[in-house]
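Taking it in order: structure first as structure tokens, then the write-up.
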There are 2 protein chains.
Amino acid sequence: MSPVPDSPSPPPRQARAAATRERILEAAAADFAAVGYHGSSLSRILERDAGVTKGALYFHFASKEAMALAVVEAMGDTYRGLVETAARDDAHLDPLRRAARLTAGIHDLLWPSPVVRAGVRLSGEGAVGPAWSSWPTRFWEATFTALFVEARERGELRGEVDPVAMGRFVLDISQGAFITSMVTTGLADLAPRVAHNWEVAFAYMAEPAWQAGWRDEGGMTAVMRHHLEQGGDVDGGG
Amino acid sequence: MSPVPDSPSPPPRQARAAATRERILEAAAADFAAVGYHGSSLSRILERDAGVTKGALYFHFASKEAMALAVVEAMGDTYRGLVETAARDDAHLDPLRRAARLTAGIHDLLWPSPVVRAGVRLSGEGAVGPAWSSWPTRFWEATFTALFVEARERGELRGEVDPVAMGRFVLDISQGAFITSMVTTGLADLAPRVAHNWEVAFAYMAEPAWQAGWRDEGGMTAVMRHHLEQGGDVDGGG
């Protein structure tokens with residue numbers, strides 16, 4: 001920690017440039033999240049934020065492609081930060097409960113910043129090249145699989161359950177919920193979809209004793225309560 | 001049925017035009033399936049099929065957008081045809097087995113024609129306007145929900161299972177498997193992902209007696225055998 005100065009001094013040129021870049025990135029992410037890669041354009045992004053000039057935009061990003069890549073890279077940093085924080089804050093919990101809280105944590109990142117929402121959409125579209133498009137899937141698959149392998153070692157999975165297959169399964173239910181919710185409700189029903197999908201996953205994979213304790217605590221509805229209260233109930237009604 | 005002529009006569013102008021349109025649509029679908037809406041272009045599509053001229057292409061489709069819409073409409077026709085055929089051919093089966101066979105039927109449509117693969121990708125990208133982008137999700141959700149409601153009435157679902165929520169669930173596991181498989185393996189592991197996801201769905205929702213019979217028959221592995229033998233095994237190993 002550096003000492004706090006008596007009065008704020010004008011930000012140096014480098015800090016100003018970084019702030020401008022950040023501002024452009026947010027405007028670009030908002031546009032990518034709303035209309036996807038193909039629907040977005042540099043002129044649309046400029047319209048989103050009147051404070052960003054065309055010159056500044058081209059100074060920081062040579063193309064729409066470069067901007068999309070920067071959004072997905074920023075999402076990557078955010079994801080790695082979440083996993084590090086969760087490993088520290090949730091160390092006292094068993095691995096299945098850590099998986100549930102990570103899912104709620106990802107949900108926390110989707111609002112209010114558009115960067116993660118845009119990153120999920122861009123990578124799902126395959127719009128940022130093969131390596132970056134597959135990165136979020138690979139990253140979360142490895143993260144969740146490690147938790148499920150730990151749950152297996154602790155005897156918290158049912159006998160026939162394959163932790164590696166379940167690592168892929170939770171990616172499919174998450175990515176699938178994002179896409180179907182986006183195209184049908186503009187993400188309005190994402191939280192109840194995700195909560196329900198994870199309840200099915202836990203009901204399938206966890207030992208009966210673990211499930212009994214989980215239900216007593218309120219399950220995914222309790223873990224994602226503040227998202228569900230904004231959007232709807234976990235069963236979704238119909 | 002009209003009588004077969006002695007020798008083939010040259011196709012009338014209208015039939016030739018329809019054949020050319022079909023050929024352009026297949027080339028466009030192949031390109032959309034491979035690189036998505038944003039990556040595709042009219043010049044890339046012309047490169048895919050040297051027999052299609054620029055003039056013919058513009059005669060049939062005014063823009064890339066019009067072509068994407070035609071691909072998704074063709075997918076819609078194919079889906080409706082599948083559901084009609086299945087309702088006739090599988091009428092002797094119970095609703096959960098009909099759901100399993102519909103899933104294998106959708107898989108049959110993904111190869112060899114690129115139209116359905118392209119349609120799934122374009123609608124998931126939200127690249128064809130809100131109405132068409134949500135159409136496949138709504139269509140399959142309604143189709144599967146009706147089957148699960150019927151299973152509920154026949155006492156083939158476990159007590160706590162909500163057939164409407166399961167209609168959304170199977171859309172998420174299908175759309176999710178398509179996206180994650182596409183970005184990580186170019187769809188090579190789609191069949192084992194889908195088969196595993198449906199086994200989890202059945203294990204969660206079906207009555208124990210139904211599950212016992214289903215396992216005896218070989219489950220999803222039996223229903224999707226010819227896809228799985230091409231691609232991998234249902235547990236996927238790791």
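Here is how names work: the chains are called A, B, and so on, in the same order as the sequence lines, proteins then strands, and each is numbered from 1.
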Query raised in the report: Which atoms form the tightest heavy-atom contact between B/Ala127 and A/His38, and what is the distance?
Result: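 Looking at all heavy atoms of both residues, the closest pair is CA-CE1, 3.3 Å.
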Requested in this report: Using a cut-off of 6.0 Å, state whether more than 12 heavy atoms not belonging to B/Arg101 lie near its atom CZ.
Outcome: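 No - once you tally the heavy atoms of other residues, nucleotides and ligands closer than 6.0 Å, there are 12 at most.
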Query raised in the report: Under 6.0 Å from the CD atom of A/Glu65, do we count more than 12 heavy atoms belonging to anything else shown?
Result: no
Query raised in the report: What residue in A/Val35, A/Asp172, A/Thr145 has the most heavy-atom pairs under 4.5 Å with chain B?
Result: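 That would be A/Asp172.
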Query raised in the report: Looking at A/Thr137, A/Thr185, A/Val200, which has the largest count of heavy-atom pairs under 4.5 Å with chain B?
Result: A/Val200
For a 4.5 angstrom cut-off between non-hydrogen side-chain atoms, does [X] reach [Y]?
X        : Y        : answer
B/Met182 : A/Glu125 : no
A/Ile173 : B/Ile173 : yes
B/Gln175 : A/Gln175 : no

As an exercise, state the distance from [atom1] of [X] to [atom2] of [Y], rounded to the nearest 0.5 Å.
X        : Y        : atom1 : atom2 : answer
A/Thr180 : B/Leu171 : OG1   : CG    : 6.5 Å
A/Ile179 : B/Ser174 : CD1   : OG    : 13.0 Å
A/Thr184 : B/Glu141 : OG1   : CD    : 7.0 Å

Query raised in the report: Contact part of A/Tyr204 toward chain B, heavy-atom cut-off under 4.5 Å: side chain, backbone, both or neither?
Result: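 Only the side chain of A/Tyr204 comes within 4.5 Å of chain B.
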Query raised in the report: In terms of heavy-atom pairs under 4.5 Å, which option from B/Gly126, B/Gly36, B/Ala201, B/Ser123 contacts chain A the most?
Result: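 Among the listed options, the one with the most contacts to chain A is B/Gly126.
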Query - Aromatic ring pairing A/Phe169/B/His196, orientation class (parallel under 30°, perpendicular over 60°, tilted between) - result: perpendicular
